[in-house]
Number of protein chains: 2
Amino acid sequence: MPQKPFLPVLYELVRTYQAFEAYSGAHIRTMGLTAPQFDIIATLGNTEGMSFKDLGEKTLITKGTLTGVIDRLEDKALVRRVASPSDGRSQIVQLTRAGEKLFAQVFPAHLSHLEQAFGNFSRQDFEAAELVLQQLKDAFLAANSNLEEAA
Amino acid sequence: MPQKPFLPVLYELVRTYQAFEAYSGAHIRTMGLTAPQFDIIATLGNTEGMSFKDLGEKTLITKGTLTGVIDRLEDKALVRRVASPSDGRSQIVQLTRAGEKLFAQVFPAHLSHLEQAFGNFSRQDFEAAELVLQQLKDAFLAANSNLEEAA
DNA sequence: TGACATTGGTTCTAGTTAGTACAATAATAA
DNA sequence: TTATTATTGTACTAACTAGAACCAATGTCA
């Protein structure tokens with residue numbers, strides 16, 4: 001059996017992501033939001049709003065999914081759709097007053113919650129983690145590009 | 001504004017995981033399976049089968065979700081449920097003959113596909129990645145335990 | 001200008017997800 | 001033995017997910 005040294009790395013990547021989601025998501029739910037909803041609120045905070053296209057690129061939520069997430073945030077009166085003045089196809093999504101108020105509450109609270117997980121990390125630990133993750137990400141993105149070229 | 005050196009790390013973690021899922025998932029779909037379905041097939045391969053409880057622990061799929069995933073694999077005649085001889089509550093999930101045949105095809109093919117993403121990685125790169133991810137995972141697991149204790 | 005392709009957002013389908021409630025069985029304890 | 005508690009898998013809800021089909025608006029180019 002040839003050694004597959006990448007398997008433990010992938011295993012750890014998946015478990016690490018799941019552990020992060022569990023920790024982050026539990027706190028987000030206590031604030032009355034889902035993880036994607038929080039992601040949208042956080043992305044729109046301190047902006048004038050942005051199109052579905054831009055929101056999708058920032059959050060990596062595909063447009064079909066985004067329609068539903070924005071629908072539910074609109075039902076909660078946290079965001080609104082406004083027709084784009086420059087492009088008749090495009091909708092601008094903005095925080096409402098209530099959305100801005102919620103952002104001001106939950107965003108710092110969630111950052112503080114996340115920070116607590118990193119109590120023992122040194123500056124070197126952060127730098128090493130960032131580098132390793134970038135290297136991994138670049139490997140997958142490059143491999144994916146190769147596939148698309150081949151097609 | 002105090003520096004938040006953990007934010008770039010979390011950003012990279014999420015993007016890295018998404019890049020992995022995109023690369024891995026696209027290949028799995030070409031083989032006619034979804035990612036969780038592949039996960040189940042891979043876990044059951046070369047075993048005598050296992051209970052829902054064990055399957056859930058190995059794959060980190062919660063039991064409510066697992067019922068549906070197994071239902072769909074059973075519809076495809078890739079797995080079967082067998083009553084546990086030792087516990088009247090428990091069901092054993094096994095690969096069928098067709099499931100074993102599929103496992104023998106898709107599992108090595110997928111490993112080979114994944115391996116291609118790691119062309120430039122050295123042994124040191126793998127070790128560094130594994131260590132960093134373990135450190136991150138442990139931080140989230142510990143933080144989560146602290147929450148549960150407090151509750 | 002007119003034909004054509006592209007883009008932005010919505011809709012639809014099949015599937016996954018966590019969480020909760022539930023029924024049947026098993027384990028524990030009085 | 002009986003009462004209580006825990007465990008195993010299923011059913012159900014609300015939400016998210018990618019992907020594909022679709023429509024209207026825009027851009028391109030001959």
Side-chain angles (χ1 to χ4, degrees), chain A residues 14 17-30 32-40 49-76 78-93 144 148 151, chain B residues 14 17-30 32-41 49-57 59-76 78-93 144:
Chain A
V14 172
Y17 177 79
Q18 287 172 323
F20 163 69
E21 273 295 296
Y23 179 69
S24 175
H27 182 244
I28 287 173
R29 273 191 301 280
T30 68
L33 294 171
T34 66
Q37 288 170 12
F38 177 85
D39 206 1
I40 299 296
M50 65 186 75
S51 68
F52 273 77
K53 175 176 160 54
D54 291 342
L55 258 184
E57 285 172 1
K58 292 236 185 205
T59 60
L60 291 197
I61 298 174
T62 55
K63 59 188 186 176
T65 303
L66 203 48
T67 296
V69 176
I70 298 299
D71 283 349
R72 285 178 284 275
L73 286 173
E74 212 168 19
D75 290 345
K76 295 184 186 182
L78 297 173
V79 306
R80 73 174 143 256
R81 285 170 163 91
V82 181
S84 166
S86 58
D87 188 331
R89 297 164 298 183
S90 185
Q91 301 278 324
I92 305 297
V93 184
N144 236 329
E148 283 164 18
Chain B
V14 172
Y17 177 79
Q18 286 171 325
F20 163 68
E21 272 296 297
Y23 179 69
S24 176
H27 182 243
I28 287 172
R29 273 192 301 280
T30 69
L33 294 172
T34 66
Q37 287 170 10
F38 176 85
D39 205 3
I40 299 296
I41 299 285
M50 65 186 75
S51 67
F52 274 77
K53 174 176 159 54
D54 292 342
L55 258 184
E57 286 171 1
T59 59
L60 291 198
I61 298 174
T62 56
K63 60 188 184 176
T65 303
L66 204 47
T67 296
V69 177
I70 299 298
D71 283 348
R72 285 178 283 276
L73 285 172
E74 212 169 19
D75 290 345
K76 294 184 186 182
L78 297 173
V79 307
R80 72 175 142 253
R81 284 168 163 94
V82 180
S84 167
S86 59
D87 187 332
R89 299 165 298 183
S90 186
Q91 301 277 325
I92 306 298
V93 184
N144 236 330

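Hydrogens, waters and symmetry mates are skipped; everything else that's a heavy atom, side chains included, is used. Each chain gets a letter, A, B and so on, in the order the sequences are listed, and its residues count up from 1.
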Enclosure of A:Lys58 NZ (heavy-atom neighbours >12, cutoff 6.0 Å): no
So does B:Arg81 get a side-chain nitrogen or oxygen closer than 4.0 Å to the phosphate oxygens (OP1/OP2) of D:dT10? yes
Could you tell me how far apart B:Ile70 (CD1) and D:dA11 (P) are, to the nearest whole angstrom? 14 Å
Output the single nucleotide from C:dA18, D:dA24, D:dT17 whose closest atom is nearest the side chain of B:Thr65. C:dA18
Look at A:Thr67 and C:dG9 and indicate whether a side-chain polar atom (N or O) is within less than 4.0 Å of OP1 or OP2. no
Supply the atom-to-atom distance B:Glu21 CD to B:Ile28 CD1, rounded to the nearest 0.5 angstrom. 7.5 Å
If you only use heavy atoms from C-beta on, which nucleotide in D:dG19, D:dC16, C:dG19 is closest to the side chain of A:Arg29? C:dG19
Choose from C:dA26, C:dG15, C:dG8 the nucleotide whose nearest atom is closest to any side-chain atom of B:Arg89. C:dA26
Report the distance from atom CG of A:Leu33 to atom C1' of D:dA14, rounded to the nearest whole Å. 15 Å
Start at the 5' end of DNA chain D and walk down; is the nucleotide closest to B:Asp54 or to A:Asp87 reached first? B:Asp54
Can any side-chain N or O of B:Thr59 pair as donor or acceptor with the backbone N or O of B:Leu55 at less than 3.5 Å? yes
Of all the choices, D:dC16, C:dT16, C:dG19, which nucleotide is nearest to the side chain of B:Thr34 once you look at every atom? C:dT16
Just to confirm, is there a sub-4.0 Å distance from OP1 or OP2 of D:dT8 to any side-chain nitrogen or oxygen of B:Lys63? no
In terms of side-chain heavy atoms of A:Ser90, which of C:dA24, C:dG9, D:dC16 is nearest? C:dG9
